[in-house]
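Structure first, commentary second.
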Amino acid sequence: MNSETVEVKDVEREPITGQAVSVNMLKGGVGKSILALNIADRLSVRGHDVLFIDLDPNGHITESLGYEDVFADPTHDLTNIIIHEYGEFEEYIYPTDWEWDFVPASVKLSTLESELSDNSITLLKRNFVQPLLENEKYDYIIMDGGGEWSHIAKAAYGAAARTIIPIPPGDMNRSGFKRTYDRVISEMPDELDFKILAIVPNMITEYIKHDKADRRLLENLNRSETFSKYLPSFARIPPEDWDAIDSGKMDVPKPGLRKNSNLENALEEENMPFGRYIETQDSISQNDGLTLKHLDELAWIIERGGVTDE
Ligand SMILES: Nc1ncnc2c1ncn2[C@@H]1O[C@H](COP(=O)(O)OP(=O)(O)OP(=O)(O)O)[C@@H](O)[C@H]1O
Ligand SMILES: [Mg+2]
């Protein structure tokens with residue numbers, strides 16, 4: 001089966017709203033921010049009320065979207081509401097040009113980081129995320145959980161208990177993924193009912209015929225009993241297909257979220273989500289169409305509460 005022709009089924013099912021998701025991985029530069037932003041945007045395009053929270057102390061998305069002033073503003077300090085339970089939610093939430101709402105990062109995330117400790121892992125959930133989901137203000141809250149391992153990243157995991165994990169090819173990313181799984185996800189307390197919603201092979205450039213990093217990533221994940229069930233349809237290649245690919249009996253697929261320069265340019269040059277950027281173009285290339293379809297599948301996976309019915 002060619003991964004590009006796999007149809008997303010079960011579209012009739014009611015979306016599971018009231019979920020928060022932390023997009024994270026214990027490794028820099030894997031696509032956490034770009035995926036979190038664009039998944040939030042696609043959920044909003046699909047008709048949901050969405051809040052996107054930038055919890056990365058570097059404020060990459062916050063600055064790229066043009067909220068530099070908020071980033072530099074010491075009064076935009078989530079510590080007040082999350083730790084000291086002081087102030088109103090609205091003070092921290094900004095509208096965007098794209099229907100969804102946004103909690104920008106700020107220089108004060110370092111204060112939040114130092115005031116959160118292991119035993120305050122539930123505060124982000126209790127004092128911010130949960131009330132915003134419970135009073136049905138938002139259907140989904142998507143968090144960019146930040147780069148390195150931190151109290152904030154851990155709090156985001158705890159607040160969401162749902163994660164999407166991007167993983168590009170290469171040994172460093174593989175060990176980052178292993179660290180994330182062994183040290184963080186496996187250690188989440190049972191009562192959180194922690195769930196991986198999807199593992200997303202990202203920045204794939206190669207066909208997967210040759211024994212290169214791209215193939216190793218896709219093949220290892222697809223052959224893994226533990227992880228294959230988290231792969232979106234666009235990254236799935238069933239075990240029996242690998243032989244058919246190698247013997248030339250099957251077209252060589254181009255699975256995974258592909259490296260697409262427009263995905264990067266939309267944010268870095270045009271300061272907007274990818275889908276909004278390609279809407280401004282006269283025509284949509286096949287690559288861009290495919291990238292958008294894959295982002296929509298990730299939004300759909302969140303609506304459905306996972307890739308498979310577990
Ligand atoms: N599929 C893709 N195609 C093209 N560019 C991509 C893709 N995924 C990520 N990128 C680019 O790679 C870089 C790293 O991605 P991103 O900033 O989202 O990663 P990150 O994990 O959030 O990094 P950090 O740890 O620094 O926060 C960015 O410039 C981003 O635009
Ligand atoms: Mg980032």
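Counting from 1, the numbers follow the sequence of the chain as shown. Atoms within each ligand, like the ligands themselves, are counted from 1 in listed order.
- Atoms of ligand 1 found under 4.0 Å from any heavy atom of H60 (numbered from 1 in listed order, with element): 17 (O).
- Among pairs with a residue in residues 166-179, those fulfilling salt bridge (Lys or Arg N to Asp or Glu O under 4.0 Å) read K178-D182, at least two apart in sequence or across chains.
- Here the shortest heavy-atom distance to atom 1 (N) of ligand 1, taken over N202, N58, N262, belongs to N202.
- Taking any N or O of N260, backbone or side chain, at least one lies under 3.5 Å from an N or O belonging to ligand 1.
- Looking at ligand 1, you won't find any N or O of L257 less than 3.5 Å from one of its N or O atoms.
- In this structure, R42 pairs ionically with D296, as a charged nitrogen and a carboxylate oxygen lie closer than 4.0 Å.
- Within the 4.0 Å heavy-atom criterion, the part of L263 lying near ligand 1 is the side chain and not the backbone.
- Residue contact annotation: N58 places no N/O/S atom under 2.8 Å from the Mg ion (ligand 2).
- The atoms of ligand 1 that sit less than 4.0 Å from any heavy atom of K259 are 1 (N), 2 (C), 3 (N), 4 (C).
- Under the 4.5 Å side-chain criterion, counting only non-hydrogen atoms from C-beta, I196 is in contact with Y181.
- Residue M25 places no heavy atom under 4.0 Å from ligand 1.
- Sorted by first and then second residue, the pairs that involve residues 259-277 and meet salt bridge (Lys or Arg N to Asp or Glu O under 4.0 Å), not counting sequence neighbours, are D41-R276, E99-R276.
- Using a 30° and 60° split on the angle between ring planes, H76 and Y92 fall in the tilted class, from 30° to 60°.
- Using a 4.0 Å cut-off between a side-chain N of Lys or Arg and a carboxylate O of Asp or Glu, R215 and D246 qualify as a salt bridge.
- Between the D214 side chain and the E206 main chain, a donor and an acceptor come within less than 3.5 Å of each other.
- Ligand 1 places these atoms under 4.0 Å from at least one heavy atom of G28: 25 (O).
- Ligand-side atoms of ligand 1 in range of I34: 8 (N), 9 (C), 18 (O), 31 (O), range being under 4.0 angstrom from any heavy atom.
- A side chain to side chain contact (heavy atoms under 4.5 Å, CB included) with L78 holds for exactly one of I83, L124, L109; it is L109.
- Residue D56 has at least one heavy-atom neighbour below 4.0 Å for each of these atoms of ligand 1: 27 (O).
- The contact set between ligand 1 and V30, taken as ligand atoms under 4.0 Å from a residue heavy atom, comprises 19 (O), 20 (P), 21 (O).
- Interface of R258 with ligand 1, defined as ligand atoms under 4.0 Å from a residue heavy atom, comprises 1 (N), 2 (C), 3 (N).
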